[in-house]
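Protein chains get the first letters and strands the later ones, always in sequence-line order, with residue 1 at the start of each.
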Protein chains: 2
Amino acid sequence: MSRPADTLEAPAPPSPPRFAPVRAEPAYRRVALAISERILARTLRDGEPLPTETELAAQLGVHRSTLREALRELESHGLLERRKGSKRLVVSRPAPEAIARGVSRALALQDVTIAEIYEALLVLMPPLAEAAARRRSAAELAAIEAAAARFATVAGESAPGASASTGSAVAAVGAFFRALAAASGNRALALMHEPLLQLLQRSLILMIDRAPNARARIARAQRELCAALGAQDAGSAADWMGKHVRDFRRGFELAGIDLRLRVAVA
Amino acid sequence: MSRPADTLEAPAPPSPPRFAPVRAEPAYRRVALAISERILARTLRDGEPLPTETELAAQLGVHRSTLREALRELESHGLLERRKGSKRLVVSRPAPEAIARGVSRALALQDVTIAEIYEALLVLMPPLAEAAARRRSAAELAAIEAAAARFATVAGESAPGASASTGSAVAAVGAFFRALAAASGNRALALMHEPLLQLLQRSLILMIDRAPNARARIARAQRELCAALGAQDAGSAADWMGKHVRDFRRGFELAGIDLRLRVAVA
DNA sequence: ATTATCGGATTGTCCGACAATTAATGCCAG
DNA sequence: CTGGCATTAATTGTCGGACAATCCGATAAT
């Protein structure tokens, strides 16, 4: 486009019989690509601070504004992050929940239904529990049990209908699943389960106070799962997880929530 | 901070006992959030063109450069897209492959291993095949069969080692899985399978020419899967998909590729 | 009606500037 | 010589404005 030292430009190509690709990408995209390639190739390793904007813009031969547009793209993909209270951007590996948030949004915008999320959970969670039972460390087990304990506390301390506790009960459910996923030793499965969980949580807020016994049933399932994980009983863990997930479905039905409704997102 | 009776301090705020959040987010992020909320809330529906940059910047009370940074973020998440050869940005639902690319990158940067991808595929794909067998339409079945036919052609036409065809064979494998996922009727599962597929494809490039019979075994599995899908035999579909996935593992082993290697990404 | 032409609108990119904040530096006391 | 504090330099966030290339819509020519 408008570049500084563009000398005389002949409108017609002189002789080359071959044509260059007509569709040139804008500079901000090429810049983003160039930087992300370096990150992917580990030339820039995570934790490493990026050069200053002025410096980087000079190196890449673009204006700072242009560079900035590229940086926003990388930042939003989690390839760059700003450490708390610091100015400089540093290279980082994307945080799972940030990635998952994007996936959640995509699913929500695609009008995915609660039924689809339920089905996916039914596919994913039992194997996750199985893997966790087989591979969990002592510390991971402790974390899972702590999450279960917290749910029990939160869920027990209030009569059904006390909406103040709804949020923390749902959050505790999330914490339990996350701890379990972390213990599975499979980051691909863990990452994939995260968006489902995020979407489940949104719907759970509506369900947990309307389905009688929902809290009690969840607490029960968590206890059984903890026991299975403690005993490293993969079969039982998978089994109980299956029951647990199916219970969610029952909860939605009892609460009168149509499973064909599309999921909401934060 | 809180001193007892320090009456001499003049700069203390006069009356407001409440403080605003200290950590204000930059404008470009607030702007991005504001716009994305509208999109999520369907106030801006997909296909709808965004106002011009000048206009939008004015409405939001920020400079065009600032707005632009926000737009790049939304664009990179697939919430906005530029229709081919057009200038204006239009609201859009994120394309699955774009989302999946972000997930793939995240997994690769997290040093996820081939073994983890394999395990995830083993969890995900058989239920996907099962769902596809149950719900596939005639058109979807045709698409799957077409993909299988293409793989057979590509895989058969060249002697093993002809690296020219490697790329198209791998692409055909991808097309087959994608067609199958699309027929599953579960967009959550389909979206989650996509990053696994992307990563598998990268590794397949290395494997398919080094593992004897890889092509033939893949073709066989695809034929059997097509038969099961055609007969709407969910059990058989799940079964063959399981074998198919396990075959990939065998292929890696035969090719001498360590499953503990981390996956690569485009 | 179809195509060629023209002017205005819009995007991509750049230049430059400045306040607020963070990082760096130098200075003084212990 | 080291630790703490004040001052200065550097960096980011945001803004105003500019301009070429391109796209869009309308109008004129075939």
Side-chain angles (χ1 to χ4, degrees), chain A residues 1-13 19-35 44 47-76 79-92, chain B residues 1 11 13 19-35 44 47-76 79-92:
Chain A
M1 261 82 219
S2 56
R3 305 148 359 302
D6 224 2
T7 50
L8 266 193
E9 192 170 328
F19 288 98
V22 153
R23 176 72 188 135
E25 279 192 292
Y28 61 79
R29 185 162 295 300
R30 291 197 308 269
V31 167
L33 191 68
I35 299 177
L44 292 169
E48 193 169 335
L50 224 53
T52 68
E53 294 182 353
T54 325
E55 167 76 17
L56 199 50
Q59 284 184 26
L60 290 161
V62 298
H63 191 261
R64 194 161 75 99
S65 303
T66 304
L67 168 68
R68 250 162 164 274
E69 294 185 32
L71 291 184
R72 293 297 88 80
E73 176 172 333
L74 299 175
E75 200 184 353
S76 79
L79 267 48
L80 299 177
E81 78 180 352
R82 204 182 317 293
R83 287 197 173 154
K84 74 140 197 197
S86 169
K87 243 171 195 199
R88 301 281 289 273
L89 285 172
V90 302
V91 176
S92 71
Chain B
M1 288 306 158
F19 288 99
V22 153
R23 177 70 187 136
E25 279 192 290
Y28 61 78
R29 185 163 294 303
R30 291 196 309 269
V31 167
L33 191 68
I35 300 177
L44 291 168
E48 193 169 336
L50 225 52
T52 67
E53 292 181 354
T54 325
E55 167 76 16
L56 240 189
Q59 284 184 27
L60 290 161
V62 299
H63 190 261
R64 193 159 77 98
S65 303
T66 304
L67 168 68
R68 247 159 168 276
E69 295 184 31
L71 291 183
R72 293 297 86 82
E73 177 174 333
L74 300 174
E75 199 183 357
S76 78
L79 266 50
L80 299 177
E81 76 179 354
R82 205 179 317 291
R83 286 197 173 155
K84 68 141 197 193
S86 172
K87 244 168 195 206
R88 298 285 286 277
L89 285 171
V90 302
V91 177
S92 72

Check the phosphate of [N] against [X], side-chain N and O only, distance under 4.0 Å to OP1 or OP2. Yes or no?
| X | N | result |
| --- | --- | --- |
| A:Ser86 | C:dA23 | yes |
| A:Arg82 | D:dG13 | yes |
| B:Tyr28 | D:dT14 | no |

The side chain of A:Glu53 is closest to which nucleotide in this list: C:dT10, D:dT11, D:dG13? D:dG13

Proximal nucleotide (of D:dT11, D:dT14, C:dG12) relative to the B:Ala27 side chain: D:dT14

Using 0.5 Å steps for rounding, measure from the CG atom of B:Leu67 to the CD atom of B:Glu53. 6.0 Å

Could you tell me how far apart [X] ([atom1]) and [N] ([atom2]) are, to the nearest whole angstrom?
| X | N | atom1 | atom2 | answer |
| --- | --- | --- | --- | --- |
| A:Glu75 | D:dG13 | CD | C1' | 12 Å |
| A:Glu55 | D:dT11 | CD | P | 9 Å |
| A:Leu50 | C:dT22 | CG | P | 19 Å |
| A:Lys84 | C:dA23 | NZ | P | 12 Å |
| A:His63 | C:dC15 | NE2 | C1' | 5 Å |
| B:Arg83 | C:dT10 | CZ | P | 18 Å |
| A:Leu60 | C:dC14 | CG | P | 11 Å |
| B:Leu89 | D:dC23 | CG | C1' | 14 Å |

Nearest-nucleotide wise, let me know which of A:Arg30 and A:Lys87 is further upstream toward the 5' end of DNA chain C. A:Arg30

What I want to find out is whether [X] reaches [Y] closely enough, with some N-O distance under 4.0 Å, to be called a salt bridge.
| X | Y | answer |
| --- | --- | --- |
| A:Arg72 | B:Glu73 | no |
| B:Arg82 | B:Glu75 | yes |
| B:Arg30 | B:Glu25 | no |

Can a donor-acceptor pair be found between the side chains of B:Ser65 and A:Ser65 at a distance below 3.5 Å? no

Closest non-hydrogen atom pair between B:Ser92 and B:Leu80, with its separation: OG-C, 3.8 Å

Search all heavy atoms of A:Ala70 against all heavy atoms of A:Val31 and return the closest pair with its distance. CB-CG1, 3.5 Å

Members of residues 64-71 of chain B that approach DNA chain C, where some heavy atom sits under 4.0 Å away: B:Arg64, B:Arg68

